[in-house]
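As the structure is a computational prediction, the values presented were derived from the model and not from experiment.
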Amino acid sequence: MSRKRAKCPRAGSLEALEPRVLLSGSVVISEFMAKNTGGLKDQDGDNSDWVELYNTGGSAVNLNNYYLTDDAANLTKWKFPD
């Protein structure tokens, strides 16, 4: 008896990631929430998108002049505070 496997529309598909830049001091993105529709609320009570950074090193890290973006034409969209 022959079995046919149902095809999943995304099965076997890969999405290329954009280039990554390693931050100094071993800072990593440990969590993020995109399209937050019911998760954690921010200080204004909004369901904003968010990112959590984790410093894996033992020294403080200054993120001055580091940015996040979702727009290749605007690489300095969101600046980290000092």
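Within the 4.5 Å cutoff, the side chain of L53 has no heavy atoms near those of the V28 side chain. Side chains of L63 and K79 form no contact here, defined as non-hydrogen atoms less than 4.5 Å apart.
Among residues two or more places apart in sequence or in another chain, the side chain to side chain donor-acceptor pair (under 3.5 Å) test is passed with S48 by D42. Taking T76 as the reference, nothing meets the side chain to side chain donor-acceptor pair (under 3.5 Å) condition, with sequence neighbours excluded. Every residue two or more places apart in sequence or in another chain was checked for a side chain to side chain donor-acceptor pair (under 3.5 Å) with D44, and none qualifies. Evaluation of the side chain to side chain donor-acceptor pair (under 3.5 Å) rule for E52 yields S30 as partners, not counting sequence neighbours. The salt bridge (Lys or Arg N to Asp or Glu O under 4.0 Å) test applied to K77 returns D70, not counting sequence neighbours.
Of the possible polar contacts, one joining the T56 side chain to the S26 backbone as a donor-acceptor pair under 3.5 Å is found.
Once rounded to the nearest 0.5 Å, the distance linking CE of M33 with CG of D49 reads 8.5 Å. If you take CH2 on W78 and OG1 on T69, they are separated by 6.0 Å, rounding to the nearest 0.5 Å.
For Y67, the OH atom counts as densely surrounded, since its 6.0 Å shell holds more than 12 non-hydrogen atoms of other residues, nucleotides or ligands.
Counting only residues at least two apart or on different chains, no salt bridge (Lys or Arg N to Asp or Glu O under 4.0 Å) pair has a member in residues 27-36.
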With side chain to side chain contact (heavy atoms under 4.5 Å, CB included) as the test, would you mind laying out the steps for F80 and L68 before giving the verdict? CA-CA 8 Å; F80 283 104; L68 286 176; 3.7 Å; yes

